[in-house]
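What follows is a single structure, written as structure tokens, with notes after it.
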Amino acid sequence: MDGELLEKGYEPQAVEARWYDFWMEHGCFAADPHRPGPAFVIVIPPPNVTGVLHMGHALTITIQDALIRWRRMCGDNTLYLPGTDHAGIATQMVVERALKADEGLSRHDLGRGPFIERVWQWKERHGNRINDQLKVLGASLDWDRERFTMDALLTRAVREAFVTLHEQGLIYRDAKLINFCPRCTTALSDLEVRHEENVAGTMWDFAYPLEGGGEIVVSTTRPETMLGDSAVAVHPDDPRYQALIGRRIVHPLLSRTFPVVGDAILVDPAFGTGAVKVTPAHDFNDFEVGRRHGLELIPIFDDRAVTTAVCGAFAGLDRDEARVRVLAALGEQGLLRGERPHTMALGRCQRCATLLEPTLSPQWYVRTKPLAEQALAAVEDGRTTILPESQVKVYKHWLENIQDWCISRQLWWGHRIPAWYCDGCGTCTVTREDPPCCPGCGGPLRQDEDVLDTWFSSGLWPFSTLGWPAQTPELQAYYPTTVMETGYDILFFWVARMMMMGLHLVGDVPFRRVYLHGMIRDSRGEKMSKTRGNVIDPLDLTARYGSDALRFTLASLAVQGRDIKLAEEWIAGYRAFCNKIWNAGRFTLGQLAGWSRPASPPPGLSLADRWILGRLERAIVAVNEGLANFKLNEASLAAYHFFWHELCDWYLEMSKAPLYGDDPVAQQAARYTLCHVLDAGLRLLHPFMPFLTEELWQKLPRLPGDPVSLMLARFPQPGELPLDPEAEETVELAHEVIGAVRAIRSECGVPPAARPALLIHAPAETSRRRLAAMHAQIVTQARLGSLEVAAGGEAPRGSAKAVVGGTVEILLPLLGVVDLEVELARLHKGIGKTEQELAGVRKKLGNADFLGRAPAAVVEKERGREQELGETLSRLHAGLARLQQALG
RNA sequence: GGGCGAAUAGCUCAGUGGGAGAGCACCUGGCUUACACCCAGGGGGUCGCAGGUUCGAGCCCUGUUUCGCCCACCA
């Protein structure tokens, strides 16, 4: 010990700044696939390269890093692998915006190649900001293994996956209806559609004239799509319309005709007019009707949802204009039959909120059914388990009803689809290596313009990052990974797809365990969003409270399956806890200055020493169990409770007597214990607050063989400390006595400076022995002038009374010190409470059914309570009588 | 239309069959030589509602109300 003094108050900024580089320099994060020991692997859910740290990241990092640090300290061969996602559409939009703002150019002005070059430049300059932010949080990631989904290595994996699936017939190209965003001008998968419910809209009725006279009235929320109608459907059994099936309708605004068809699947005769206009090229249901009846597909919108030439006089209009003009034209012709308010559901673009247009377009798809079956089986047979368990149902339901996955996007930034078309012979070539010419006719080729859905490459992440398709040592040592920790919001987007891809391509599950954390909300439970203005910035919090406090807060609030309502007061509270730890460290280091730490316990451990070691053992069990079961709240709170309310509140105070005293044996024992429990406490807390614990641990006296960093030190394991029930009972008794005296002092208003004489009557010899052993501690902690313990006798006149454990009487003389009336009221209250409790117990014991059917142990326990409460009560009554005597 | 979750102290939440808990807030008293980011003491709850199972229910079952989320192609 160099005698260096700590600052009085804890300043997280200074402490937290100094350790990350230290850990890096000493290679503390580095994984080695050849190392012995069970593997424990977490690959980070890759944040977007464009991303800035938000609360969700802070939570995910807190949980993952706590698990990784814990297992690393337990001796596992850990790998925590970092990396980022190229995030196709998001990144492209960011760079496009910057391009527009800085140079007034669109991506089309630049052209594809130069634009992609710009995105790379942007990524190099601004892209990895989030990595530095992860370091601020203390994430113990192995940066030498950092990956990016567009790296050459991962691009190779994407190519391998695509070609393999294509060869197996699991990737195909087809022209069908797809959700298309007219603003992003790209197709989207079903998952990227944001469903908006209960939108206030309008339902219009209008009449279609029938060829040869008559009309049929249809209802619609999208009148403009009538420009693309190719049928009106009615129910085949509907007597109103049966006769009309097969007749033709004359399009009132365009020069064409189309039929009335009977379709029992689409049409509900009870809804609206019972006749439905059919637009096969812009509605998913109508598309199916079109297939069933061989109807014409008439796309009326281009990829920006502007009406095309087929709309004749209505060409060149956006969707809203087209609606207005069509309604006007129908009105002029006297065909409008009414309108009414109607609530409906709409699909919007997840990214830009634009109303999606179902559009007919050729896209690439993954045939998901066979993949989903494997993913389902792996969860059913337990190769992968999902926590919280409630999410298993959600996972299964989605996979059981899965639709084919549209993986092509009309973007520039992303993995280009490895398909080449020959305009000469019309073939499509999909290969691992770029083909120089058409393998069919030798003619020139053009590559598919589209890129892959970002989630396609994300789906390969657990193995592409480990070198797949090459059989690397990493893949062999670390696949399947151990835990996939992420938010439940991307269960379908990501988790389910990794399961499908990993099982199919690598042949084993990508992870043994899925742990899905909840969403972070504001203190009122609302989603954080820029528009609401309720976003809490984790970096702002770390700046003001420290990363340790933020991490500890998130860990303590992380209850399985629940969203987290985050209020700043929590963080402030755990900031105070950091200060508490700091000061406990300060005290300890002050006491241990110049002391050399023995490797094994010295003789003469006091009761207090043995007691705190017992409490430590229980904390060790709870923290390990909590972490093992992904109950971070239980683990962190167990460590918190031990450190503050057992170590600081009681042990530190009790240790002062031997530490300050002149008995060298007692002093040595106290120093040893103090050092040991603080060390162990820091280890238990380290997964949650890595910086502060490292700072203090580094200053503690070292043992030979100690590693360079706390993060490499051994995590306390259950069963290494002997339990000492006698010490625990003795100290607990003393605590109860001290608590009773303090309560009397406080409630009766005994002046703080007063040092009253305490008399204890304890009929049991065991109690007297225990109290004698704790004599000095009781005197100090209860601030007494003297303490006398006797088997029994007369209570001093005018004393306050409390009873501990049924028979131990606490007698504190108050005559002439305070108003005895106050004590009288206090006693009455205590008696009332005890009576109430006793009545409850007696009621139970008076029930024959309870005696007959409850387990013997439970009955025995209640009998014990009855006796203790009864004894307490009679002693309190005696005290009351005596007090009334003194008053009367 | 299905599925899921929540409802416990003023607030935020733990507590999966036997004595209602934590943190914050509140009240009282204390600058006691680690810490006022602290210490000690205290007040405060018919555990959403109604039934049921059980010797015993905050916890299990049924129904119900309110709130939230997810999934779903009703014009």
Side-chain angles (χ1 to χ4, degrees), chain A residues 6 8-10 177 190 195 203 218-222 225 233 266-268 271-279 283-288 342 344-345 347 358 388 390-391 393-394 397-398 401 488-489 491-492 518-519 521 523-527 545 549 556-557 559 561-567 569-570 572-591 633-634 637 640-641 645 648-649 652-653 656 660 738-739 742-747 749-753 780-781 783 837 840-841 844 847-855 857-859 861-862 865 869:
Chain A
L6 299 184
K8 189 172 174 189
Y10 174 55
L177 275 198
D190 298 341
H195 293 281
M203 177 82 83
V218 295
S219 302
T220 182
T221 55
R222 295 198 64 191
T225 61
L266 178 75
V267 182
D268 172 6
F271 188 93
T273 61
V276 188
K277 60 187 280 308
V278 179
T279 322
D283 181 281
F284 290 98
N285 287 316
D286 294 1
F287 182 77
E288 295 303 320
H342 179 75
M344 52 185 186
S390 58
Q391 294 290 339
K393 228 177 195 177
V394 182
H397 181 260
W398 188 73
N401 297 286
Y488 63 70
D489 55 331
L491 177 62
F492 307 143
M519 302 294 109
R521 301 170 178 283
S523 56
R524 289 179 313 190
E526 295 197 35
K527 252 182 196 160
Y545 300 102
S556 71
L557 295 177
V559 178
R562 301 269 300 236
D563 286 354
I564 293 176
K565 285 184 210 172
L566 188 70
E569 296 80 64
W570 283 108
Y574 289 117
R575 164 78 175 79
F577 180 43
C578 291
N579 191 58
K580 188 76 180 173
I581 297 168
W582 179 259
N583 277 290
R586 249 181 102 221
F587 169 78
T588 303
L589 293 174
Q591 294 307 315
N633 59 324
E634 292 180 10
L637 291 173
Y640 171 90
H641 183 258
H645 297 301
C648 290
D649 283 356
L652 248 44
E653 294 307 322
K656 284 175 183 173
Y660 297 159
I738 293 161
R742 283 172 177 172
I744 292 170
R745 294 185 63 125
S746 179
E747 287 178 63
V750 177
T780 309
Q781 307 303 322
R783 306 167 69 77
E837 217 176 319
V841 174
K844 260 191 192 181
N847 182 344
D849 284 331
F850 173 73
L851 297 177
R853 304 206 190 199
V858 174
V859 176
K861 195 174 157 197
E862 291 300 315
R865 281 187 65 205
L869 287 166

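Any value given below was found using the heavy atoms of this structure, including those in side chains, with hydrogens, waters and symmetry copies removed. Quantities reported herein were computed from a predicted structural model and do not represent experimental measurements. Order of the sequence lines fixes the chain letters, A, B, ..., with proteins taken first and strands second; residue numbering starts at 1 for each chain.
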What nucleotide, of [options], holds the atom closest to the side chain of [X]?
X      : options                : value
A/K8   : B/rG42, B/rC71, B/rC35 : B/rC35
A/K393 : B/rC71, B/rC4, B/rC35  : B/rC4
A/V559 : B/rC35, B/rC70, B/rA14 : B/rA14
A/N633 : B/rA14, B/rG41, B/rU32 : B/rA14
A/N579 : B/rA14, B/rC39, B/rC37 : B/rC37
A/A576 : B/rA14, B/rC74, B/rC38 : B/rC38
A/S390 : B/rC37, B/rC69, B/rC4  : B/rC4

Residues forming a side chain to side chain contact (heavy atoms under 4.5 Å, CB included) with A/E653, sequence neighbours excluded: A/K656, A/Q781
By side chain to side chain contact (heavy atoms under 4.5 Å, CB included) - contacts of A/A743 (at least two apart): A/E747
Just to confirm, is there a sub-4.0 Å distance from OP1 or OP2 of B/rC38 to any side-chain nitrogen or oxygen of A/Y10? no
Counting only side-chain nitrogens and oxygens, does A/H397 get under 4.0 Å of the OP1 or OP2 atom of B/rC70? no
Holding to ring-ring contact (aromatic ring centres under 6.0 Å, His included), I want the full list of residues that pass it with [X], two or more places apart in sequence or in another chain.
X      : answer
A/H397 : none
A/W582 : A/Y10
A/Y574 : A/F552, A/Y640
A/F492 : A/W398

Could you work out the separation of [N] and [M] based on their [atom1] atoms and round it to a whole Å?
N      : M      : atom1 : result
B/rU16 : B/rC59 : C1'   : 6 Å
B/rA34 : B/rA40 : P     : 15 Å
B/rA57 : B/rC47 : C1'   : 11 Å

Remember a base hit wins even if backbone is also touched, and classify [X] as base, sugar-phosphate or nothing at under 4.0 Å, heavy atoms.
X      : result
A/C648 : base
A/V841 : nothing
A/F284 : nothing
A/Q781 : nothing
A/F287 : nothing
A/R742 : sugar-phosphate
A/D563 : nothing
A/H641 : nothing

Once base and sugar-phosphate atoms are separated, protein heavy atoms under 4.0 Å mark nucleotides 16-30 of chain B, 5' to 3', with B, S and - as --BB---B-----S-
How long is the line joining [atom1] of [X] and [atom2] of [N], in whole Å?
X      : N      : atom1 : atom2 : value
A/N847 : B/rC55 : CG    : C1'   : 5 Å
A/L566 : B/rC13 : CG    : P     : 11 Å
A/R586 : B/rC38 : CZ    : C1'   : 12 Å
A/D489 : B/rC4  : CG    : P     : 20 Å

Polar atom pairs (N or O), protein with nucleotides 8-11 of chain B, under 3.5 Å:
none

Nucleotide-level pairing of RNA chain B, given in dot-bracket where Watson-Crick and G-U pairs need both distances under 3.5 Å and | marks other strands: ((((((((.[[[[.)..(..]]]].(((((.......))))).....[[[[[..)....]]]]])))))))....
Mind checking what makes salt bridge (Lys or Arg N to Asp or Glu O under 4.0 Å) contact with [X], not counting sequence neighbours?
X      : value
A/E862 : A/K844, A/R865
A/R222 : A/E224, A/E357
A/D283 : none

Record whether the side chain of A/K580 comes under 3.5 Å of the base of B/rC37 through a donor-acceptor pair of N or O atoms. no
One should read off an interatomic distance between A/L869 CG and A/E837 CD, to the nearest 0.5 angstrom, of 5.0 Å
Whichever of A/K565 and A/L652 has its nearest RNA chain B nucleotide further upstream toward 5': A/K565
Could you check whether any side-chain heavy atom of A/T220 comes within less than 4.5 Å of a side-chain heavy atom of A/T279, counting everything from C-beta outward? no
Closest heavy-atom contact between A/K277 and A/V218? N-CG1, 3.9 Å
Strictly distance-based, threshold 3.5 Å: is any side-chain N or O of A/R745 a donor or acceptor partner for the main-chain N or O of A/P752? yes
